[in-house]
Structures are given as C-alpha cells and as structure tokens.
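Worksheet for the structure shown next.
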Amino acid sequence: MPRTLSILGATGSIGVQTLDVVMANPDEFRLGWLTVNTRFDLLEEHLGRLQKHGFTPQGVVIADESAYNEFRRITSFKGKILCGDEGVCEAAAAPENDILLSALVGFSGVLPNYAAIQQGTPIALANKETLVSAGAVIMPAARERGVEILAVDSEHSAILQCLAGEYLEEVEKLILTASGGPFREWTIEQLENVTPAQALKHPNWSMGNKITIDSATLMNKGFEVIEAYWLFGVGAEKIEVVVHPQSIIHSMVQFCDGSVKAQLGLPDMKIPISYALSLPHRYPSNFKRMDICALQNLSFFPPDMVRFPCLRLAFDSLAQGGTAACIVNAANEIAVASFLQGTIGFLDIPRLIETCLEKITHIDTPTLDDIVQTDKKTRALAESLVKQGMSVPAVLMPKVNGAATNPNLVSS
Ligand code: NAD
Ligand code: MG
C-alpha cells in the first residue's frame, strides 16, 4: 500500500532530493502536502515535473504571503493552496499524512514538527535545528505519543544503520565524521578574511546556503552532536567527532567489546533520505555506486576547536542543557545570515554566539513556550549586536585571537 508523504521545505536541497526518491519509487508513495517559503516559481516547476510522473499532491503551502499571492496568479495547480506559518503547521499535522519529511531550515521547523508529533505522524527529520533548539520538549512529546523520529542526516543515518541489531547498552561511543569543510587547513589569520563566496564552496556536498556555512564553521558538526544526543539517547561524553575529509565513512559506532562498525557510501543525500523512508527495508536504486578500489587514502584527524570555536560552543551548550543550545542556534541563524550579507566576518559568528549565550537568561527545564521566547529574545539581541558592531567592524575579533575589543561583542 502506498503511504501518504508530505514534505516541509519541498524546494530546498533535501526537499528536491526527496522528490527524486519519491519519483524513483512510484508505487511506494502518494503525495500529501508540499510546503515552501518563497520559491513559488520552483514549486510550480516541481509540480509540473511531478505531474509527468503521475504525482499530484493534495495541497501546497507557500509560507511567505507575497509569494503565495504570486503563486496563485501563475499556477495551474488545482489542489488546496494555503499560506503562512499556520499553513505549514496545518500541512505538518494533516491527518492523511502517513509520514512527514521535515526539511525546513532553522527554528522554523520546531512548531510544525511539534504539530506533527501531536497528530501522531512519524517524522523523517532533516531539520536538525528542531532537536538542537527544542530536543528537550520534542523528544519527550514524541515518546509520549509513540511517534518515531527517523534520522535523515547522513551521519545519523549511518549510526542508525550501525545500530541495527545491536543493544544500546553495549555502545561505547558514537563517532561522528566531519569533512572539516573548505577551511580545514586554514590559519586563524586566513579565517578572519573568509568571504561568503569561499565559505559557500563545500568540498564534498551540495547543500542549502545555511548548512553550507554551518559546515564551514563546524557548527553543523556541533549541531549533529546535539542531534545524536537526542536521537540515540546516549550521554554527551559518548559522542566523539573525527575529521574525515573524504566524506566516505558517514559515521561509526564503537561497542563495548572494542568492535567498530562504520557505514560507507558516496556523499549522496538521496541514500539516507531513501533509508529514512524505507527502513527497516531498503528501496533498490540506481544511484551512483562507490568504487571501493578507488578509495586510496581515507584519513582521520581530531577536530581543532580553537580554530573552529563553534564546535566547542555546541559541546558546551549540550553540557549546560536547558535553553543553552536554543540560544546557540538562534544566535547562529542571525550570525550566518549577517555573514552572508557581508555585515560581519567569518570569525564573528562564534563571537556573536558566545555573547548571546552569556547575556540571555538561561532556563533549565524549558517548556515549548520558553523555547519560542528564548529563540525570539536571542534573535533580537543578536540583531542589535550586529547593528551596533557594524560601525566598528575592524575590531570584531574572536577571543581565540587575543582579547576581543568591541564592547558590543565582549562578554561582561
Ligand atoms: P535549503 O535552504 O536548501 O531549503 C530549505 C527549505 O525550507 C526550502 O524549501 C525553503 O523554502 C523552506 N523554508 C526555509 N525557511 C522557511 C520558513 N521560515 N518557513 C517555511 N519554509 C521555509 O536547506 P537544505 O539544505 O535542504 O536543509 C534543510 C534542513 O536539512 C536543514 O535543517 C539542514 O541542516 C538539514 N540537512 C541538509 C542536508 C543537505 O544536504 N542539504 C544534509 C543534512 C541535513
Ligand atoms: Mg550531516
């Protein structure tokens, strides 16, 4: 029986690759809802492509109001068309969904994912920021409702595959691999002058802009540590990061007898997306295969948390618990957007986050509302710090390179 799949963030990098998996497995799926933010033009294009493969979604949501109006003007789509954040939540919680692929970017995923859990719908989760910001509320809610949260992230998919048939009590550690990003070998001085164009060139993966910058700062790996903590329920001390520039081993699990299992494959997100939708089975595919004999040099290094302080900040926030990681996520979203706009430097990203962590009131056992409010307050603070800092960009220096001298970005 085909299952009804809805996709949040259908025009994004993960969303589009999910559509490819769906079209490659036409007997497995019906499409429920597709949601997008602003790219109504891309949505129209994908609807045409889907139709040629015999797929017509039940409805679509365009979160942005002016894009919604434009879409209504140009589209020939006959299904339901909704607008706004409420529309996204309605699609996420639609009773006809058998499974939801959640690929929104950032905190925008939290409320829709929560709505899906309340409805009892299993979630294939790409949107890691939901667990980073709100894991303390999302995971207990999912457990209470018996809702499965299935990993889409390649590292977590690898761990899930390594854990198949194993006992969690026998896991000694989870080893998350990181490509190290484009600046793996750069000095602090070089990192200071990184441009958005340089940071947007990831060596191995083609992804949305936000996660590409997060990969360059290693914040993405930090978020993945937090994601692994919530998904697999192992202590933070059992999660390790290792830099593996080739991105062939997607992650590993070490067991109490010293045995280590790894999952390998070409860097192709369609594989983990497909697994999240098919597990415990696998869909046959014609995705490109790995040539094992061509793998000459697989290398591994410990990460450098001095040149890449975002990874340290993520570990620290996990140790602190409560709303700490929510603050890190919100400050990071503003920092990344500001970096992409050219208003702050690459090394100002961790500096801004650290300042927000120190200034925003911490809540130990937050409710969903506490998390939403903390996210809002942190964004407001980060935005005002960026605005004030813009007048003196030359002194926006990271602590790691000596004393930070901008009063707006110095911790009190
Ligand atoms: P993307 O920027 O390519 O796409 C994001 C999608 O979300 C788009 O469809 C956009 O329209 C929608 N969206 C963005 N902001 C929104 C808002 N405020 N309201 C409603 N819709 C909104 O991002 P991506 O690279 O596909 O990443 C999506 C998620 O998956 C992120 O959390 C990312 O960390 C995670 N992820 C991505 C990859 C990858 O290879 N791209 C790998 C692992 C995990
Ligand atoms: Mg990943």
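Every number for a ligand or one of its atoms is a count from 1 in the order of the listing.
Aromatic ring pairs are classed by plane angle as parallel below 30°, tilted from 30° to 60° and perpendicular above 60°; the pair F300 and H244 is parallel. Taking the six-membered ring for Trp and thresholds of 30 and 60 degrees, H156 and F232 have nearly parallel ring planes, at less than 30 degrees apart.
Of the inter-residue distances, the one linking D85 atom CG with N37 atom CG reads 8.5 Å to the nearest 0.5 angstrom. Atom CG of N97 is separated from atom CD1 of I7 by 10.5 Å, given to the nearest 0.5 angstrom.
An N or O contact shorter than 3.5 Å is missing between S154 and ligand 1 by distance. Any N or O atom pair closer than 3.5 Å counts here, and I14 shares at least one such pair with ligand 1. Between N37 and ligand 1, an N or O atom pair is found at a separation short of 3.5 Å. Checking only distances, I211 never comes within under 3.5 Å of ligand 1, N or O to N or O. Looking at T35 next to ligand 1, no N or O pair under 3.5 Å apart turns up. In terms of polar-atom proximity, defined here as any N/O pair under 3.5 Å, G208 does make such a contact with ligand 1.
Taking every heavy atom of S108 and a limit of under 4.0 angstrom, the matching atoms of ligand 1 come to 16 (C), 17 (C), 18 (N). Annotation for ligand 1: atoms under 4.0 Å from non-hydrogen atoms of A126 are 30 (O), 32 (O), 35 (C), 36 (N), 44 (C). Near V105, with a cut-off below 4.0 Å to any heavy atom, the atoms of ligand 1 are 7 (O), 14 (C), 15 (N). Atoms of ligand 1 found under 4.0 Å from any heavy atom of N127 (numbered from 1 in listed order, with element): 32 (O). Residue contact check: M269 has heavy atoms under 4.0 Å from atoms 40 (O), 42 (C), 43 (C) of ligand 1. Taking every heavy atom of V36 and a limit of under 4.0 angstrom, the matching atoms of ligand 1 come to 11 (O). For ligand 1 and A10, the ligand atoms under 4.0 Å from any heavy atom of the residue are 9 (O).
Residue nearest to atom 6 (C) of ligand 1, selected from A67, A103, S157, G15: A103 (by heavy-atom distance). Closest heavy-atom approach to atom 24 (P) of ligand 1 among the candidates G109, G9, S13, A63: S13. Taking all heavy atoms of T38, L104, L34 into account, the minimum distance to atom 21 (N) of ligand 1 is reached by L104. Looking at D153, L101, L131 and measuring to atom 44 (C) of ligand 1, the nearest heavy atom belongs to D153.
Using 4.0 Å as the threshold, E129 has a heavy atom nearer than that to some atom of ligand 1. For R39, the closest heavy-atom approach to ligand 1 does not fall below 4.0 Å.
Of the residues listed (H46, H53, E45), the one engaging R49 in a side chain to side chain donor-acceptor pair (under 3.5 Å) is H46, and it is the only one.
Using a 4.5 Å cut-off on side-chain heavy atoms (C-beta onward), P245 and S299 make contact. Counting heavy atoms from C-beta on, the side chains of V243 and K221 never come closer than 4.5 Å. At least one side-chain heavy atom of I213 sits less than 4.5 Å from a side-chain heavy atom of L200. Taking the side chain as every heavy atom from C-beta outward, V171 and E166 never approach each other to under 4.5 Å. Inter-residue side-chain proximity for L82 and E90 is flagged as met; some heavy-atom pair is nearer than 4.5 Å.
Residues passing the ring pair (Phe, Tyr, Trp, His ring centres under 6.0 Å) test with F255: none are found, sequence neighbours excluded.
Here the heavy atom of the protein found nearest to atom 34 (O) of ligand 1 is K128 CE, 3.3 Å. At the shortest separation from atom 4 (O) of ligand 1 among protein heavy atoms lies G12 CA, 3.1 Å. Annotation: atom 9 (O) of ligand 1 to nearest protein heavy atom, T11 OG1, 2.9 Å.
The minimum distance between the Mg ion (ligand 2) and any N, O or S atom of E224 involves atom OE2.
Geometry at the Mg ion (ligand 2): OD1/D153 and OE1/E155 form an angle of 100°, nearest 10 degrees.
With a 6.0 Å cutoff to the six-membered ring centre and a 45° limit on the axis angle, K128 does not count as a cation-pi contact of F223.
Within 6.0 Å of the CD atom in Q51, the count of heavy atoms belonging to other residues, nucleotides or ligands does not exceed 12.
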Run N113 and N127 through side chain to side chain contact (heavy atoms under 4.5 Å, CB included) and show every step you take.
CA-CA 9 Å; N113 285 325; N127 172 242; 3.4 Å; yes
